[in-house]
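Here the structure is laid out as structure tokens; the discussion comes afterwards.
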Amino acid sequence: MRIHRLDIRRSLPRFAEPRRAGVALALLAIALAGCRSSPTSNAPNKPSGKSGPRILLLACDGIEWNVVLPLLKAGDMPNLETLMKRGVFGTLRTYAPAKSPVIWTTVATGKTPEKHGITNFFKSSPNGESIPFTSADRRTKALWNILSDAGRTCVTIGWWNTFPVEPVRGCLVAQTNTMEDFRVRGIVKNTLVRGVEGQVFPPERQNELLTLVDDVERELPDLLRRYFGDVVPVGSPMNVQSWNASAWAVRADEAYRRIASKLLDEIDDADLFTVYFGTTDVVGHRFWRFYEPKAFRHVPLPEAVRAMKDIIPNAYRHLDALIGELVRRVGDSTNIMVVSDHGMHAENVDSLFLPREDGQLIESGAHTDGPPGLVCLAGPAFRTSSVKKPIRELTRQDLPELGVVTDVAPTVLAILGLPIGRDMDGRVLGELLDPKFEERIDVQFVATHDTPEWLASRGASSPAVPGTKERIEQLRALGYLGDSQSPATTQPTASERGR
Ligand SMILES: [Zn+2]
């Protein structure tokens, strides 16, 4: 494979705003470091023996700094606080409209939605039906393909649009966008489903991992009580419906946690280990008006606020516990990347939130306009933050923008000593790397990772997806299906846009 030298102009984002001069200097330092040796000899070598993954990438859907900051202040997100003290943190710019499958595929590929091909939740089938995008619709390699093809080990759990799974070196556990379970139990998103092939690679592990999901299923009432307390939704019947329709997200996150824990035991020397968690996004959509009632024209009843105001903070506290558990499992030599695809804010602020005739939920939190997400990077590869204020005193204005969602994949590749595709739209976040680490890496480029053979293999049509109809109903309930299909996704007001 021909390796190209770093080209500073090429490494700047094509659509990003101009950055500080320090960025160019940092990239220049990487370029100079790269010139001191051959293209491959100076890449940081993987430590011998089992030492935990090189990078643990925690994909946390819809994390909003405006929710995080008061929790940090109260000492209620101690694990994120520890990571922030160890590393660098800020906002991550995203795209609008910010839709999870689109943005998470951008994170995994370093490419814009137009290039990677996952442009929405659904596409039209040849007979005009709406069907979910699948892994087969992605037109470019994702991190798990690039690593596998380079002989590196990666574990990917619950990432969007990974069903059906592709062969990898390591393990790939899909977020299975098949909704067979929904018909029977109303459990729909991002977890594994009995009776459907192609959810786990290697395939012989699928049944074993499904057993963990079965355990979670049995324990779900207890898990919900443990994470959220005894939530008794009051007021509109829609509140009860919203609560009942959130359990699947907890089921999914807990299943991913258990699968991650098991795979960390078995594959504790992966180069990249990624886990996706989505409950914070789901409850954000459904319960924002109880979290921030003053943002709404029709303030909910006080007893309803009392009953449901803590659902969102408790989801964040629980996510913090998940982060802490996984971070403790891997130790200090692992680079931790906590990344969210977008933030969240109040939505439908003029709505009465009366039950709709069609039974669909009206969301009170949304991110259609692409509010920035959270990024926190800690570990031997990263420098510490230049924000010197104590974590518990931080305000929104103190948070620097650290990059764009497209920058995650190139940064991961650079840390692992793998070449960055020149056709990627992001750049290496060189200014966030620890100078000592940065000296050791040699940022390399290839024209593209997408070889003609690999592209040819993408020609296969998407597999039949069972449960499509239910999947669509579930996403409509979340307000994801666009204006023509869901009245719940009204455009944000001017005041919300500035949030
Ligand atoms: Zn969302």
Side-chain angles (χ1 to χ4, degrees), residues 58-68 91-108 113 118-122 132-133 158-161 175 177 179 188-191 241-243 245-253 256 276-292 295 311-313 315-316 318-319 338-349 351 360-375 405 471-483 485-492 496-497 499:
L58 300 175
C60 304
D61 206 308
I63 301 297
E64 167 56 49
W65 271 114
N66 289 342
V67 179
V68 168
T91 63
L92 194 62
R93 189 144 39 98
T94 191
Y95 292 84
K99 298 184 178 182
S100 290
V102 180
I103 306 300
W104 285 117
T105 305
T106 285
V107 172
I118 308 287
T119 52
N120 210 328
F121 286 89
F122 297 96
F133 279 92
W159 206 278
W160 275 92
N161 299 99
Q175 175 181 143
N177 295 333
M179 298 305 133
V188 284
K189 186 193 168 190
N190 67 28
T191 190
Q241 192 189 349
S242 292
W243 178 243
S246 297
W248 52 266
V250 173
R251 174 190 188 256
D253 285 359
Y256 295 152
Y276 168 88
F277 294 118
T279 302
T280 41
D281 178 78
V282 171
V283 298
H285 281 291
R286 292 178 176 171
F287 298 101
W288 200 277
R289 73 190 190 106
F290 307 105
Y291 172 71
E292 193 188 14
I311 292 176
I312 290 175
Y316 277 64
H318 178 56
L319 176 71
V338 179
V339 173
S340 67
D341 53 340
H342 51 70
M344 179 87 77
H345 54 64
E347 182 74 324
N348 292 323
V349 293
S351 174
Q360 299 301 322
L361 300 171
I362 302 171
E363 59 177 8
S364 60
H367 47 76
T368 317
D369 55 337
L374 171 150
V375 59
V405 285
R471 173 67 167 156
I472 290 171
E473 289 308 311
Q474 186 245 348
L475 287 164
R476 180 170 291 139
L478 274 177
Y480 270 135
L481 285 193
D483 300 333
Q485 290 170 285
S486 170
T489 52
T490 55
Q491 289 303 306
E496 287 164 344
R497 257 189 213 110
R499 292 172 62 94

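Remember, it's 1-based here, ligands and their atoms both numbered in the order they're listed. What you see below is based on every heavy atom in this structure, not just the backbone, and it leaves out hydrogens, waters and symmetry mates. None of these values were measured; they are calculated from a predicted model.
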Could you walk me through whether T119 and F133 satisfy the side chain to side chain contact (heavy atoms under 4.5 Å, CB included) test, starting with their C-alpha distance in whole Å, then the side-chain angles of each, then the deciding distance to 0.1 Å, before giving a yes or no? CA-CA 8 Å; T119 52; F133 279 92; 3.5 Å; yes

Proximity of W160 and F121 rings by center, below 6.0 Å: yes

Between D369 and H345, do the side chains contain a donor N or O and an acceptor N or O under 3.5 Å apart? yes

Any idea which N/O/S atom from H367 gets closest to the Zn ion (ligand 1)? NE2

Angle, NE2 of H285 through the Zn ion (ligand 1) to OD1 of D281 - 10° precision: 110°

Gap separating the NE2 atom of H285 from the OG atom of S242, nearest 0.5 angstrom: 12.0 Å

So does H342 have any N/O/S atom less than 2.8 Å away from the Zn ion (ligand 1)? no

